[in-house]
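Heads up: the structure comes next, in structure tokens.
The structure displayed is predicted, hence computed values, not measured ones.
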Amino acid sequence: MARGQITVRAARWSATHPWRAIAMWVVVVVACFALGSVTGTKESTNEGDIGEVTRADNIVKSGNFDDPDVESVLITAPSGQLDQAAAAKAAATVTQQMRALGGVAEVAQPMPSPNKDALIVQVTLKDAPEDADDDARVQPLLDTTAKVQQQYPDLRIEEVGGLSIGKALNETLGKDFKRAEMFSLPVTLAILLVAFGALIAASVPVLLALSAVAAAIGLSAAASQLVPAVDAVNSVILLIGMAVGVDYSLFYLRREREERAKGRGHVDAVEIAAATSGHAVVVSGTAVIISMAGLFLARDAVFSSFAVGSILVVAVAVVGSLTVLPAVLAKLGRWVDRPRIPLLWRLTASKSQPRFWPTVLKPALKHPIATLLVSVVALLAVASPALGMTLKFPGTEDLPRSTSVMQAYDRLTAAFPSTGTSHEVAVRAPANQQPAVKAALAELMQRTKGDQLFAADGLEEPRFSKDGTVATLEVATPYEGGSDQARDSLAKLRTELMPQTVGKVPGVEYAVGGFVAADVDYAAHTRDKLPLVIGFVLLLTMIVMMVTFRSVVVAITAIGLNLLSAGAAYGVVTAVFQNTWAEGLLDFRSNGAVVSWLPLFLFVVLFGLSMDYHVFVVSRIREAVLRGVPTKQAVAEGITGSAGVVTSAAAVMIGVFAVFATLSTLDMKQLGVGLAVAILIDATIIRAVVLPSIMTLLGDANWWAPKWLRPKPAKHATQTPPAAEEERELTPVG
């Protein structure tokens with residue numbers, strides 16, 4: 001055994017000093033979480049340079065506009081026509097009571113909608129410190145609106161705005177996060193009970209994964225001071241952390257248990273698990289971290305935030321599996337197999353040869369060419385819908401309509417289109433050109449009148465900076481932000497209306513931003529960056545696999561198999577979410593697209609996580625080859641011998657990811673479905689059909705490598721016990 005290997009040294013120290021290792025881990029986790037609580041989370045306000053929308057944002061920022069929060073109180077009739085007199089009276093009451101609130105700066109005069117079926121009162125809040133609690137700021141306004149509603153029961157009086165929508169969304173996401181925790185834990189525990197047949201053995205991986213998630217959330221909050229975080233990062237940390245944390249512990253624990261069953265002592269069993277499964281964990285974790293690091297090449301806030309969170313939770317999980325896990329296993333000893341679940345224990349402890357997996361492997365071993373062709377063609381067919389993938393940001397229209405504020409938002413945008421989807425026209429010109437800019441913007445609005453792509457309701461007024469050099473104007477469209485019509489209106493603004501009006505002002509600089517612009521530009525940005533990220537991930541992953549297995553062929557095979565599973569996942573996500581047939585099944589409303597950031601993020605996550613199984617399975621196959629077993633038989637032994645742990649690990653990942661498919665937001669649903677399907681395909685078709693068929697077909701060529709990559713012959717090999725030599729051989733890069 002390679003006692004100098006770092007994984008073995010760490011395991012031996014932890015196993016011989018268990019209480020110190022456990023205490024140090026607890027202190028580290030608590031300290032990380034406390035650090036995050038002290039520093040707080042710095043939220044991202046910058047999406048990076050993604051085209052014209054970024055130029056528009058920069059122009060607006062250069063104007064140093066006051067940008068106070070505004071809430072709208074909408075007055076409508078619950079049914080039938082609106083009673084104008086009653087509505088005016090209610091609006092006066094709203095105005096009076098809102099002005100009395102300490103946090104309100106201004107209350108605008110009530111304004112009727114173009115169709116006279118609604119009345120709006122806009123309330124501007126006072127500026128607040130950056131660390132102010134927005135939920136606390138908006139609550140008095142919501143309470144006031146509710147009181148006025150009680151005074152006028154025959155009217156519908158409701159409040160809508162960025163703060164009120166944010167408050168409702170935070171509550172929904174908070175419930176989602178708790179639900180994900182609540183369901184993922186019992187699902188994971190149930191799967192591990194089936195895998196181990198004992199309660200303590202099943203609980204250890206869950207506890208390690210949870211501690212890794214807690215530490216990573218704290219570290220992520222601290223790291224956000226350097227790389228600002230986006231809202232979904234904690235959900236991503238939970239999703240990735242539970243998956244890899246449980247997997248790494250599962251691989252380690254199963255190997256340690258296997259060695260104890262052979263009669264080895266607790267410390268020796270831990271050392272062997274460290275030299276084999278521990279080494280596989282390091283390789284897998286490195287592959288995930290490398291993949292996630294590729295996200296930084298996209299140069300935008302969403303990917304950078306996800307990369308930081310994912311890298312941190314994977315790194316913590318790897319460290320935990322190499323330090324505190326050996327300590328816990330050494331301290332528990334055989335108690336790890338208590339209390340036993342009678343029926344499940346007999347199944348897991350059975351030494352009889354499995355029948356299912358040898359049956360599944362028969363086609364690949366007997367007819368490798370035909371099996372390989374059929375399976376690859378089938379996977380390509382599953383991946384084919386991805387050729388028609390459309391990318392869009394989920395907009396306000398894609399948020400769950402189960403909350404009253406979103407229902408009110410729909411009524412508000414129907415009555416006043418400019419409060420819904422709008423384009424932000426940003427103009428910068430010399431101060432002496434302000435009259436010309438104002439006239440050009442007036443001409444722009446005049447040209448939009450009567451055009452079905454645009455909407456006007458009387459709320460549109462240009463804003464000018466104090467020095468008169470920057471102007472902004474909201475140009476509304478009556479269509480949802482992700483619709484083709486909204487994109488058409490953006491294209492018309494950018495290519496026709498703006499050049500023909502504002503573009504004629506001498507010395508002018510202009511751009512069109514807003515949600516639709518961000519959606520279009522971000523999708524183009526993602527398509528541009530995807531090849532760069534894929535190339536980075538493929539290159540570094542191939543290097544890791546080559547160095548790990550001392551084989552170019554194994555590395556190329558790993559790359560090809562992971563590309564197949566990623567492509568199949570893309571195809572399934574496209575088929576499910578760009579169509580409507582699964583809406584009732586998964587409780588979502590299709591916007592005819594895939595979330596813009598998903599393909600790139602899904603690729604790097606899958607490429608990293610797939611290495612868990614690939615490294616573990618190929619290590620077992622290589623173990624048999626090193627003993628002199630023919631490749632065909634080694635493939636059968638390796639896959640059959642690792643089938644139990646791979647199946648359990650995949651089941652845990654699929655269970656965790658499937659929970660995210662039940663969450664409210666469209667992006668988390670798509671991520672959960674994409675990951676669950678990819679892991680299912682990877683652990684079944686890829687590992688049990690494609691991998692054995694291609695390795696059987698290649699035979700000894702699997703292990704080809706140039707001379708500089710081949711492992712050097714071990715010195716004093718005759719003095720090394722056979723079992724120890726086998727362990728040393730399996731860790732060529734130790």
Check whether any side-chain heavy atom of M653 sits under 4.5 Å from a side-chain heavy atom of D247, and report yes or no. yes
Please check: side-chain N/O of H17 versus main-chain N/O of W13, any donor-acceptor pairing under 3.5 Å? yes
Are F306 and W597 an aromatic pair, judged by ring center distance below 6.0 Å? yes
Heavy-atom side-chain contact between I694 and T557 under 4.5 Å: yes
Is there a donor-acceptor contact under 3.5 Å from the side chain of S551 to the main chain of N702? yes
With side chain to side chain contact (heavy atoms under 4.5 Å, CB included) as the criterion, how do V308 and F296 come out once you've worked through the C-alpha distance, each side chain's angles and the decisive distance to 0.1 Å? CA-CA 9 Å; V308 170; F296 288 116; 3.8 Å; yes
So do the side chains of F601 and V236 get within less than 4.5 Å of each other, counting heavy atoms only? yes
Sort and list the pairs that fulfil salt bridge (charged side-chain N to carboxylate O under 4.0 Å, His left out) and have at least one residue in residues 632-656, not counting sequence neighbours. R627-E637
Which side-chain hydrogen bond (donor to acceptor under 3.5 Å, both in side chains) pairs, counting each pair once, include a residue from residues 189-215, with sequence neighbours left out? W25-S211
Could you tell me whether a side-chain N or O of T371 sits under 3.5 Å from a main-chain N or O of P368, the two making a donor and an acceptor? no
Under 4.5 Å between any side-chain heavy atoms of F603 and L563, yes or no? yes
Residues S321 and L325: closest non-hydrogen pair is O-CB, 3.5 Å
Are T541 and S291 side-chain neighbours, meaning at least one heavy-atom pair lies under 4.5 Å? yes
Other residues, nucleotides and ligands only: do more than 12 of their heavy atoms fall within 6.0 Å of CG on L373? yes
F196 versus S648: any side-chain heavy-atom pair under 4.5 Å? no
Is Y252 reaching over with its side chain to a backbone N or O of L322, donor-acceptor style, under 3.5 angstrom? no
Test your reading of the model: is there a side-chain donor-acceptor pair from S14 to the backbone of T323, 3.5 Å cut-off? yes
So CG of L297 and CG of L600: to nearest 0.5 Å the spacing works out to 9.0 Å
As a quick check of understanding, evaluate side chain to side chain contact (heavy atoms under 4.5 Å, CB included) for L379 and I686, giving each step before the final call. CA-CA 9 Å; L379 288 172; I686 296 293; 3.6 Å; yes
How about CE on M542, more than 12 heavy atoms from neighbouring residues, nucleotides or ligands closer than 6.0 Å, or not? yes
Kindly indicate whether the side chain of N234, heavy atoms from C-beta on, has any atom under 4.5 Å from the side chain of L238. no
Restricting to non-hydrogen atoms, name the atom on T696 and the atom on V635 that form the minimum distance, rounded to 0.1 Å. OG1-CG1, 4.2 Å
Quick check: do V314 and M292 have side-chain heavy atoms less than 4.5 Å from each other? no
Just grab all the salt bridge (charged side-chain N to carboxylate O under 4.0 Å, His left out) pairs involving residues 673-689, residues at least two apart or on different chains. D682-R687
Would you say the side-chain atoms of T662 pair up with the backbone N or O of V659, donor to acceptor, closer than 3.5 Å? yes
